[in-house]
Amino acid sequence: MADLRRTARALFAVAVARANPAMALAESLRKHPPALPQPGGRLILVALGKAAIPMMRQAIEMLPPPDRAIAVTNPENVADLPDVEVLAGSHPVPNHMSLAAGAALRAALSNLNAKDRVVALISGGGSALAVAPAGGLTLADKTAVTDLLLGAGVDITQMI
């Protein structure tokens, strides 16, 4: 029985380590390094989701210093990162902070040119954490639909 318990704990530890967003990103960046900016171009790092902070930390550790970095996460995961604009949105129902985060992401990604490179790090929760309702729709529209869908028991994977 002790061997079974030891094996179960070892398997659990491996599973938890594999679910670590920073470790997963580090492995991915080693296997598939992103294209860097051409001469005269800018490197923009964007992280969006509940795992935005650990992903951004890992990217900053492994990539050249970015010209701009912005991370959007939920309020519980906000942390200070040097030279990174860190914003909080709301999850699972977007609010005014989500709208501001969406506007900040749009601004960070505006005026790009062919020499620039964007590394986008996306994890779960982004569809509520940063919103930019399409023309004619409002934040109230998006919030009402999200509330209705969640209230009806619709699975999050069906909502995106």
Side-chain angles (χ1 to χ4, degrees), residues 5-38 41-113 115-133 139 142-143 146-147 149-150 154-160:
R5 184 179 307 263
R6 191 170 26 258
T7 300
R9 286 186 181 189
L11 290 172
F12 179 77
V14 168
V16 168
R18 294 295 296 180
N20 179 312
M23 289 179 65
L25 179 62
E27 181 179 332
S28 180
L29 289 174
R30 279 191 294 275
K31 288 181 179 177
H32 311 284
L36 297 178
Q38 295 175 13
R42 299 171 295 155
L43 176 61
I44 312 295
L45 298 182
V46 174
L48 171 63
K50 294 177 279 184
I53 300 301
M55 290 189 308
M56 182 63 79
R57 276 191 189 113
Q58 190 65 46
I60 288 171
E61 183 178 309
M62 295 181 71
L63 298 174
D67 295 284
R68 175 129 192 226
I70 181 169
V72 179
T73 192
N74 53 312
E76 300 83 5
N77 290 342
V78 167
D80 288 331
L81 296 177
D83 302 317
V84 177
E85 180 181 1
V86 177
L87 301 170
S90 178
H91 185 273
V93 179
N95 67 10
H96 66 283
M97 294 187 315
S98 304
L99 193 62
L105 287 172
R106 288 180 81 154
L109 298 173
S110 65
N111 300 317
L112 296 174
N113 65 59
K115 295 179 180 181
D116 296 334
R117 295 295 179 262
V118 175
V119 176
L121 311 167
I122 313 294
S123 68
S127 62
L129 293 169
V131 298
L139 174 62
K142 181 152 175 68
T143 299
T146 302
D147 279 333
L149 292 171
L150 289 173
V154 174
D155 184 83
I156 190 68
T157 61
Q158 297 172 303
M159 294 176 59
I160 50 176

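The figures that follow rest on heavy atoms only: side chains count, while hydrogens, waters and symmetry mates do not. All of these numbers come straight from a predicted model, not from anything done at the bench.
Here the CG atom belonging to Leu45 is positioned 6.5 Å from the CD1 atom belonging to Ile60, to the nearest 0.5 angstrom. With rounding to the nearest 0.5 angstrom, the CD atom of Glu61 is 10.5 Å from the CG atom of Leu29. For the atom pair CD of Gln38 and CZ of Arg117, the computed distance is 4.5 Å after rounding to the nearest 0.5 Å. If you take CD1 on Ile70 and CG on Leu81, they are separated by 12.0 Å, rounding to the nearest 0.5 Å. Within the model, atoms CD1 of Ile122 and OG of Ser127 stand 11.0 Å from one another, a figure rounded to the nearest 0.5 Å. If you take CG on Leu121 and OG on Ser28, they are separated by 9.5 Å, rounding to the nearest 0.5 Å.
The main-chain N or O of Val93 is never found under 3.5 Å from a side-chain atom of Thr146 such that the two would form a donor-acceptor pair. Judged by distance alone, the side chain of Thr73 and the main-chain N or O of Ala88 form no donor-acceptor pair under 3.5 Å.
When all heavy atoms are compared, the tightest approach of Met23 to Asn20 is N-OD1, 3.0 Å. Taking every heavy atom of both residues into account, Ser123 and Ala52 meet most closely at OG-N, 4.0 Å. Listed here is the closest heavy atom pair of Leu43 and Pro65: CD2-O, 4.4 Å. Taking all atoms of both residues into account, the shortest heavy-atom contact from Met55 to Leu48 is CE-O, 4.3 Å. Contact detail for Ala26 and Gln58: the closest heavy-atom pair is CB-NE2, 3.6 Å. Listed here is the closest heavy atom pair of Gly89 and Val72: N-CG1, 4.4 Å.
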Counting only pairs under 3.5 Å, give me each side-chain donor-acceptor contact of residues 94-110, with atom names and distances, residues two or more places apart or in other chains.
residue, atom, partner, partner atom, Å
Asn95, OD1, Met97, N, 2.8
Asn95, OD1, Ser98, N, 3.3
Ser98, OG, Ser90, N, 2.9
Ser98, OG, Asn95, N, 3.2
Ser98, OG, Ala128, O, 2.7
Ser110, OG, Ala107, O, 2.8

Check: residues 5-13 side-chain donor-acceptor pairs under 3.5 Å, at least two apart:
residue, atom, partner, partner atom, Å
Arg6, NH2, Asp3, OD1, 2.4
Thr7, OG1, Asp3, O, 2.9

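Around atom CG of Asn111, no more than 12 heavy atoms belonging to other residues, nucleotides or ligands sit under 6.0 Å away. The number of heavy atoms from other shown groups lying within 6.0 Å of CE (Met62) is above 12. For CG of Asp67, the number of neighbouring non-hydrogen atoms (other residues, nucleotides, ligands) closer than 6.0 Å is greater than 12.
Annotation: side chain of Asp80 is not in contact with side chain of Val86 (no heavy-atom distance under 4.5 Å).
Salt bridge present: Glu85 and Arg68 bring a charged side-chain N and a carboxylate O closer than 4.0 Å.
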